[in-house]
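To keep things clear, I will list the structure first and then write my remarks on it.
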Amino acid sequence: MIKSIGYAATSSTAPLAPFSFERRELTAADVQIEILYCGVCHSDLHQVRSEWGATPYPCVPGHEIVGRVVKVGSAVSKFKVGDMAAVGCMVDSCRQCSPCKEGEEQFCEKGMTWTYCSPDKHTGAFTLGGYSSTIVVDEAFTLKVPAGLDLAAAAPLLCAGITTYSPLKHWKVGPGQRVGVVGLGGLGHMAVKIARAMGAHVVLFTTSESKREDGLRLGAHEVVVSKNKDEMKAQRNSLNFILDTVSAAHDLNAYLSLLKLDGTMTLVGLPPQPAPVSAFQLTAKRRQLAGSSIGGIAETQEMLDFCAKHGIVSDIELIPMQQINEAYERLVKGDVKYRFVIDMATLSA
Ligand code: NAP
Ligand code: ZN
Ligand code: ZN
């Protein structure tokens with residue numbers, strides 16, 4: 001077994017605290033990665049606090065992982081020791097069902113294996129994530145980090161990047177379209193950058209007046225402060241597509257009314273509570289309400305290559321591991337510009 005140290009939550013109310021555990025020995029298909037950076041996703045916080053249902057503890061969160069390959073199994077062909085590698089939200093799937101065969105492992109019919117808090121086929125225990133010193137992952141679920149990307153700022157691409165890239169591509173966002181992004185947090189700021197790079201006219205919706213200028217700097221053509229009724233009214237029936245990244249309960253109908261005929265609003269934010277939807281807002285202009293979950297492995301590699309080509313990374317605040325609980329408090333308040341990334345070198349400090 002391989003010794004690993006990390007931070008774990010032991011209950012929904014306990015702060016994250018130092019935790020020692022073991023990773024499995026490598027199979028022929030595995031790589032072992034020394035983790036250099038791990039992004040902090042709002043999903044980590046939802047899961048640590050059991051906001052989506054019963055979390056299995058101890059929970060070591062983290063699914064925006066970038067690091068260095070330190071060991072490879074005998075059948076590994078994509079990586080050699082010393083390469084940079086990345087791991088996102090999934091570490092395995094059945095690989096047999098039709099979504100898996102089509103490269104959409106996130107929709108595996110048997111249920112894919114999440115990077116943390118998910119039954120692990122190899123050990124029979126629950127998977128433990130990236131707030132840790134090292135991880136062992138099948139190379140088929142390991143990504144290549146394109147040269148030229150800042151490693152710490154690239155880490156959030158592994159979840160925030162793919163979760164926004166995938167629906168923007170699926171709904172064919174591009175030139176000539178007006179695209180709304182709701183919420184300027186980790187996912188939202190990546191959506192603004194990616195939608196802009198895809199050629200769309202981007203309208204950012206934020207509850208925070210203080211983020212207005214940042215929205216423009218990050219690539220939005222227009223910024224609407226959603227608390228301002230007149231600004232919202234001016235966008236009615238004007239958008240082809242909306243990507244909603246909000247992590248807490250909010251009024252979906254206010255955004256549906258901004259879609260034009262046949263427009264689609266896709267939810268990627270996962271507030272714990274269900275939200276009421278007005279049928280009138282959908283029928284009025286044949287609008288569609290949809291959802292999207294991360295993205296497949298091949299698409300994640302495509303997104304990394306797209307970001308490298310367009311010079312896109314996340315705007316990050318690098319934190320030592322010891323500041324994680326404070327970072328969670330700030331995340332709840334929407335006070336992050338725009339992704340916390342943990343510097344794993346501080347883990348053993
Ligand atoms: P985040 O960095 O905390 O950003 C969320 C943003 O939502 C905030 O910055 C804030 O933006 C806005 N917001 C927060 N509370 C709000 C409220 N009460 N009313 C209106 N707006 C509010 O979170 P994240 O990491 O981007 O994640 C966002 C959500 O996506 C989470 O629920 C997460 O679990 C989910 N997620 C889903 C997937 C998927 O595959 N579908 C993948 C990753 C994450 P403003 O200040 O600009 O208003
Ligand atoms: Zn995430
Ligand atoms: Zn499958």
Side-chain angles (χ1 to χ4, degrees), residues 38-49 51-52 61-65 88-90 92-116 129-130 155-167 181-192 204-212 214-215 218 220 223-227 243-252 254-255 266-273 275 290-297 300 314-317 327-340:
C38 185
V40 178
C41 180
H42 207 115
S43 301
D44 300 348
L45 188 154
H46 288 308
Q47 190 101 52
V48 158
R49 298 190 176 173
E51 291 176 358
W52 289 338
H63 57 208
E64 294 182 337
I65 299 167
C89 303
M90 297 181 281
D92 210 345
S93 73
C94 89
R95 310 183 199 197
Q96 309 286 332
C97 71
S98 79
C100 280
K101 286 194 168 145
E102 284 156 25
E104 304 218 272
E105 301 89 350
Q106 74 276 31
F107 302 123
C108 175
E109 286 167 4
K110 300 236 168 76
M112 46 71 165
T113 308
W114 296 98
T115 303
Y116 59 83
L157 301 179
L158 276 301
C159 175
I162 184 61
T163 301
T164 51
Y165 178 88
S166 181
V181 173
V182 187
L184 193 66
L187 266 57
H189 93 293
M190 291 313 309
V192 167
L204 169 70
F205 296 87
T206 176
T207 56
S208 311
E209 179 67 51
S210 62
K211 294 182 184 171
R212 201 187 275 276
D214 268 354
L218 292 165
V223 178
V224 171
V225 175
S226 53
K227 288 173 178 160
L243 192 65
D244 183 332
T245 75
V246 175
S247 53
H250 60 292
D251 180 14
L252 299 185
Y255 291 100
T266 296
L267 308 180
V268 286
L270 291 164
Q273 316 79 354
S292 184
S293 181
I294 52 170
I297 293 297
T300 304
S314 180
D315 282 32
I316 65 163
E317 204 177 310
Y328 274 22
E329 290 314 314
R330 287 183 50 199
L331 203 53
V332 173
K333 294 184 206 139
D335 173 24
V336 48
K337 290 185 172 173
Y338 280 90
R339 196 61 142 186
F340 292 114

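Everything quoted here is computed from the prediction, not taken from an experiment. Remember, it's 1-based here, ligands and their atoms both numbered in the order they're listed.
- Not a single heavy atom of Gln106 sits under 4.0 Å from any atom of ligand 1.
- Close approach of ligand 1 to Gly183 is summarised as follows: ligand atoms under 4.0 Å from at least one heavy atom of the residue are 11 (O), 47 (O).
- Between Cys41 atom SG and Gln47 atom CD the span is 10.5 Å, to the nearest 0.5 Å.
- Counting only heavy atoms of the protein, atom 14 (C) of ligand 1 lies nearest to Ser247 OG, 3.7 Å.
- The atoms of ligand 1 that sit less than 4.0 Å from any heavy atom of Ser208 are 45 (P), 46 (O).
- Residue Gly188 has no nitrogen or oxygen atom sitting less than 3.5 Å from a nitrogen or oxygen atom of ligand 1, judged on distance alone.
- Close approach to Thr206 involves these atoms of ligand 1, each under 4.0 Å from a residue heavy atom: 45 (P), 46 (O), 47 (O), 48 (O).
- Inclusion of Cys89 in the first shell of the Zn ion (ligand 2) is not supported: no N, O or S atom falls under 2.8 Å.
- Remark: distances from the non-hydrogen atoms of Trp52 to ligand 1 include one below 4.0 Å.
- A 4.5 Å side-chain heavy-atom check between Pro156 and Tyr338 finds every atom pair outside the cut-off.
- The two residues Leu158 and Glu64 have their closest heavy-atom pair at CB-CA, 3.9 Å.
- Considering backbone and side-chain N/O of Tyr338, none are found under 3.5 Å from N/O of ligand 1.
- Shown in contact with Ile294 at under 4.0 Å from a heavy atom are these atoms of ligand 1, numbered in order with element: 39 (C), 40 (O).
- Of the inter-residue distances, the one linking Gln106 atom CD with Ser166 atom OG reads 6.0 Å to the nearest 0.5 angstrom.
- Separating the CD1 atom in Ile162 from the CE atom in Met190 is a distance of 11.0 Å, to the nearest 0.5 Å.
- Residue-ligand proximity, Thr207 to ligand 1, at heavy-atom distances under 4.0 Å covers atoms 20 (C), 21 (N), 45 (P), 46 (O), 47 (O), 48 (O).
- A salt bridge links Arg49 with Glu329; the closest basic N to acidic carboxylate O contact falls under 4.0 Å.
- Between the CD atom in Glu51 and the OG atom in Ser247 there is a gap of 9.0 Å [rounded to 0.5 Å].
- Nearest protein heavy-atom contact of atom 26 (O) of ligand 1 is Leu187 N, 2.8 Å.
- In terms of protein heavy-atom proximity, atom 18 (N) of ligand 1 is nearest to Ala248 CB, 3.5 Å.
- Residue, atom and distance of the protein heavy atom nearest to atom 25 (O) of ligand 1 are Arg339 NH1, 2.6 Å.
- The shortest N/O to N/O separation between Cys159 and ligand 1 does not fall below 3.5 Å.
- At the shortest separation from atom 11 (O) of ligand 1 among protein heavy atoms lies Leu184 N, 3.2 Å.
- Between the choices Val223, Thr245, Val246, the shortest heavy-atom distance to atom 21 (N) of ligand 1 belongs to Val246.
- Screening Glu104, Glu105, Glu109 for a side chain to side chain contact (heavy atoms under 4.5 Å, CB included) with Phe107, the sole residue that qualifies is Glu104.
- Contact of the Leu267 side chain with the Leu252 side chain is registered, since non-hydrogen atoms from C-beta on lie closer than 4.5 Å.
- Closest protein heavy atom to atom 38 (C) of ligand 1: Thr163 CG2, 3.5 Å.
- An angle of 120° is found at the Zn ion (ligand 2) between Cys41 atom SG and His63 atom NE2, rounded to 10°.
- When hydrogens are left out, the protein atom nearest atom 3 (O) of ligand 1 is His42 ND1, 2.7 Å; that is the closest non-hydrogen contact.
- Contact between Cys41 and ligand 1 is present, with at least one heavy atom of the residue lying under 4.0 Å from the ligand.
- When only interatomic distances are considered, the shortest N/O to N/O separation between Phe205 and ligand 1 does not fall below 3.5 Å.
- Seen from the Zn ion (ligand 3), atom SG on Cys100 and atom SG on Cys97 lie at an angle near 110° (rounded to 10 degrees).
- The one candidate from Leu243, Val268, Val181 that meets the side chain to side chain contact (heavy atoms under 4.5 Å, CB included) condition with Leu187 is Val268.
- The distance from ligand 1 to the heavy atoms of Lys211 drops below 4.0 Å at these ligand atoms: 9 (O), 11 (O), 45 (P), 46 (O), 47 (O).
- Taking all atoms of both residues into account, the shortest heavy-atom contact from His189 to Asp315 is NE2-N, 3.0 Å.
- On a distance-only criterion, Gly334 and ligand 1 share no N/O pair closer than 3.5 Å.
- Seen from the Zn ion (ligand 3), atom SG of Cys108 and atom SG of Cys94 lie 100° apart in angle, a value rounded to 10°.
- Here the side chains of His63 and Asp44 are in contact, with some heavy-atom distance below 4.5 Å.
- Counting atoms of ligand 1 from 1 in the listed order, those under 4.0 Å from a heavy atom of Val268 are 30 (O), 35 (C), 36 (N), 37 (C), 38 (C), 39 (C), 41 (N).
- Counting heavy atoms from C-beta on, the side chains of Phe205 and Asp244 never come closer than 4.5 Å.
- Relative to atom 30 (O) of ligand 1, the option among Gly186, Gly39, Gly185, Gly269 with the closest non-hydrogen atom is Gly269.
- Judged purely by atom type and a 3.5 angstrom limit, Thr245 uses its side chain to pair as donor or acceptor with the backbone of Val182.
- Two residues are said to be in side-chain contact when any heavy atoms from C-beta on lie closer than 4.5 Å; Val40 and Arg339 fail this criterion.
- Not one N or O of His250 is nearer than 3.5 Å to an N or O of ligand 1, by distance alone.
- Of all non-hydrogen atoms in Thr266 and Pro167, the two that sit nearest each other are CG2-CB, 4.2 Å.
- Protein heavy atom in closest approach to atom 33 (C) of ligand 1: Ser43 OG, 3.4 Å.
- Here the closest heavy-atom approach between residue Ala220 and residue Leu204 is recorded as CB-CB, 3.9 Å.
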